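Index from 1, following the sequence. Quick caveat: nothing in here was measured; it's all calculated off a predicted structure. Counting starts at 1 for both ligands and their atoms, following the listed order.
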Amino acid sequence: MTKIEASHTVEEEFKRSSDFLRGDLSSEIASSKPSIEGASEHLLKFHGIYAQDNRDVRRERSLARETLEYIFMVRVAIPGGRLSTDQWLALDEIAEDIADGTIRLTTRQAVQFHGVLKAGLRPMAFELDAHLMTSFGACGDVVRNTVMCPDLLANGDNARLVLMADHIARTFKPATRAHWEIFVNGEKSATSEPDNEHSFYGETYLPRKFKIAIANPRENCVDVFAQDLGLIPATHDELGEGFNVVVAGGLGRSYAHPDTFARLADPLTFVTYAELDDLIRAVLSTYRDLGDRTDRRRARMKYIAADAGFEQFRREIEERLGQELRAPLALDLGEADDHLGWRELNDGSLQLGIRVGAGRVGDGPDGKGLRSALREIAQTLRVDFLITAQQDILISSISPEDRGVVERILSVHGVRGVEELGNVERSALACPALPTCSQALAEAERRLPDVVSLVQGELDANGLAKRRLQLRMTGCPNGCARPAVAEIGIVGRTKNTYDVFLGGGPRGDRLASLYQEKVKLDDLPEVLRPVLERWKAEGLEDESFGDFYTRVVSP
Ligand code: SRM
Ligand code: SF4
């Protein structure tokens with residue numbers, strides 16, 4: 001395969017001349033300017049930080065010739081989404097003291113803080129480091145936060161598997177000490193890291209981000225086919241335990257670039273535990289060397305596989321590995337488990353999954369709400385917290401005798417149990433979009449409750465109230481809440497309109513197709529009514545909406 005030869009993007013030069021992600025960040029952070037721009041803004045992303053402005057006041061400030069309201073978003077990488085009570089309490093304190101009072105759980109089991117001022121960046125990094133967390137590598141052209149089915153973590157009897165998300169995070173995190181020097185104060189850092197950058201990253205790191213997920217072999221709650229590299233535990237008759245590996249997925253698209261598209265990952269091979277790191281390195285080096293560094297919109301690994309053909313892509317990985325890849329084993333991934341409600345774990349302890357609307361953990365104006373409830377639980381009991389890829393939170397390792405304490409605290413704070421939720425609400429996802437995301441074309445998280453009511457209302461009116469329906473909404477086609485694989489995907493097109501995609505499903509193994517363009521949210525019930533009516537009339541018993549749509553309406 002050949003390398004794309006043309007002039008590289010300016011971002012490539014920013015990386016190359018940054019002395020392993022240092023650039024001018026130290027002086028920029030110390031300056032009195034409220035914002036950070038240019039090369040430093042790009043480098044900042046590797047440190048998990050996005051320079052943003054409050055878009056709700058952008059226009060009025062511009063008209064009044066005032067400076068914009070500059071704020072930062074900080075993303076904390078949390079491998080597999082697992083946190084101790086101390087870590088949760090530290091995040092809660094950061095939300096209160098440094099950010100906008102909320103903790104935003106992400107679709108990759110990480111945490112985001114919004115509304116952070118520049119002066120808060122160093123104190124936050126220091127606080128995170130003191131609790132063995134970091135925002136470093138949560139964004140940027142590197143291996144991102146590794147997601148993992150919470151059931152593998154909390155119920156796992158295979159010690160190697162339980163540690164896998166941590167192992168990947170440690171092995172593939174950039175090794176430069178830049179973050180600790182700039183933000184945490186080098187030598188004193190608790191999570192001190194080695195000095196030399198990995199050879200597989202080099203000076204210019206990857207062409208763009210790279211995403212890894214570890215799925216439960218029984219259910220696809222992590223959307224493993226949306227990843228650059230997905231690992232699905234499997235057992236080979238002769239070789240024993242290991243992973244089926246799928247590669248070259250990705251969901252982002254851009255309206256302005258018609259040659260961008262969503263792609264599902266394809267099965268690549270089966271590897272044993274001992275072979276895994278070398279395989280990941282071979283895939284990463286293929287991507288590092290052959291990814292398009294001339295156009296960031298087409299720089300993801302999926303485009304190498306799509307442009308060259310999957311067989312050619314596979315051969316390139318084999319060449320780098322120095323051996324033939326064996327065939328993958330058969331896959332049988334079921335529908336995603338949302339992990340909500342009470343369940344007993346293998347060790348006899350209990351777990352409670354709580355729905356978090358669009359991942360936003362906060363309190364109401366009366367000071368009561370999910371954030372306070374979780375804080376009180378963390379202060380009272382020694383439990384684990386697990387963030388799911390559905391933006392929800394699980395309280396895990398609860399002693400059976402403490403169940404009443406947890407229930408009382410949640411009820412005092414008005415946190416609803418899963419049995420009180422409507423079926424659409426139960427699985428709906430939305431990205432942050434306005435007012436923080438610079439790429440948002442339309443609202444998402446803030447309008448999700450209205451959209452859920454509209455769609456649930458339509459189900460109720462059609463006698464479908466008890467049927468599950470998976471709805472995901474984003475403010476643009478980058479697809480951060482993974483609408484491209486949802487039964488109903490609502491994707492921001494203009495300020496007030498959305499493209500509606502139908503036909504994905506909870507197994508995450510099928511792309512939804514465009515059903516109608518430029519729909520106003522108020523018109524959604526009318527737009528969906530004909531297909532929902534057909535689902536009721538023509539659907540097989542227990543056939544999901546996505547399966548029905550793909551079988552009958554748009555085969
Ligand atoms: Fe995303 C960019 C939020 C998961 C595809 N994503 C962004 C930015 C950073 C906007 C920006 O570039 O300025 C958003 C921050 C907005 C804000 O104000 O907070 C953002 N993405 C999110 C989160 C928080 C959505 C959520 O509701 O939870 C998720 C954080 C994940 C994490 O913890 O690491 C998030 N983003 C995803 C996913 C889903 C996934 O990874 O499972 C995707 C689709 C999968 C994929 O990567 O193909 C996704 N985000 C994108 C893209 C398109 C990338 C592409 O190459 O196609 C962008 C745009 C970009 O990178 O330039 C983007
Ligand atoms: Fe922003 Fe678009 Fe991602 Fe939503 S989908 S957070 S609008 S980049």
Can you tell me the protein heavy atom closest to [atom] and the distance?
atom	answer
atom 18 (O) of ligand 1	Thr436 OG1, 2.6 Å
atom 43 (C) of ligand 1	Lys211 NZ, 3.4 Å
atom 24 (C) of ligand 1	Gln112 OE1, 3.0 Å
atom 8 (S) of ligand 2	Asn478 ND2, 3.4 Å
atom 1 (Fe) of ligand 2	Cys437 SG, 2.3 Å
atom 60 (C) of ligand 1	Arg208 NH2, 3.5 Å
atom 3 (C) of ligand 1	Arg75 NH2, 3.6 Å
atom 2 (Fe) of ligand 2	Cys476 SG, 2.3 Å
atom 28 (O) of ligand 1	Thr107 N, 2.8 Å
atom 4 (Fe) of ligand 2	Cys431 SG, 2.3 Å
atom 25 (C) of ligand 1	Cys480 CB, 3.5 Å
atom 63 (C) of ligand 1	Lys209 NZ, 3.5 Å

Open item on the list: With a 4.5 Å cut-off on side-chain heavy atoms, are Leu105 and Asp392 touching?
Closed with: no
- [ ] Return yes when Arg104 approaches ligand 1 closer than 4.0 angstrom through a heavy atom, no otherwise.
- [x]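 Yes; Arg104 lies near enough to ligand 1 that a heavy-atom distance drops under 4.0 Å.
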Just which atoms of ligand 1 are under 4.0 Å from any heavy atom in [X]?
X	value
Pro432	17 (C), 19 (O), 25 (C), 26 (C), 27 (O)
Gly252	48 (O), 57 (O)
Ala430	27 (O)
Gly250	48 (O)
His114	17 (C), 18 (O), 19 (O)

Task: Close N or O approach (Asn145, ligand 1; < 3.5 Å) - done: no
TODO: Looking only at distances, please establish whether an N/O atom of ligand 1 is found under 3.5 Å from an N/O atom of Gln52.
DONE: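 Yes.
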TODO: Considering only protein heavy atoms, determine whether one is less than 4.0 Å from atom 8 (C) of ligand 1.
DONE: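 Neighbour list for atom 8 (C) of ligand 1 is empty of protein heavy atoms (cut-off 4.0 Å).
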- [ ] Go through ligand 2 atom by atom and flag the ones less than 4.0 Å from a non-hydrogen atom of Gly479.
- [x]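 That gives atoms 5 (S) of ligand 2.
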Can you figure out which of [options] has its heavy atom closest to [atom]?
atom	options	result
atom 59 (C) of ligand 1	Asn478, Val485, Ile387	Asn478
atom 56 (O) of ligand 1	Arg300, Arg108, Arg55, Arg298	Arg300
atom 5 (S) of ligand 2	Cys480, Ala444, Pro483	Cys480

Under-4.0 Å salt bridge between [X] and [Y]:
X	Y	answer
Asp292	Arg298	no
Arg447	Asp450	yes
Glu425	Arg416	yes

Open item on the list: Could you tell me if Asp86 and Ser84 have a donor-acceptor pair between their side chains, going purely by distance under 3.5 Å?
Closed with: no
Open item on the list: When you compare the side chains of Thr260 and Arg297, does any donor N or O come within less than 3.5 Å of an acceptor on the partner?
Closed with: no
Open item on the list: At under 4.0 Å between heavy atoms, is it the side chain or the backbone of Ala299 that contacts ligand 1, or both, or neither?
Closed with: neither
TODO: Select one of side chain, backbone, both or neither to describe which atoms of Arg482 lie under 4.0 Å from any atom of ligand 1, heavy atoms only.
DONE: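 Side chain only; the backbone of Arg482 stays clear of ligand 1.
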Open item on the list: Could you check whether any heavy atom of Pro432 sits closer than 4.0 Å to an atom of ligand 2, since that is the contact criterion I want to use?
Closed with: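 Pro432 counts as a contact of ligand 2 under the 4.0 Å cut-off.
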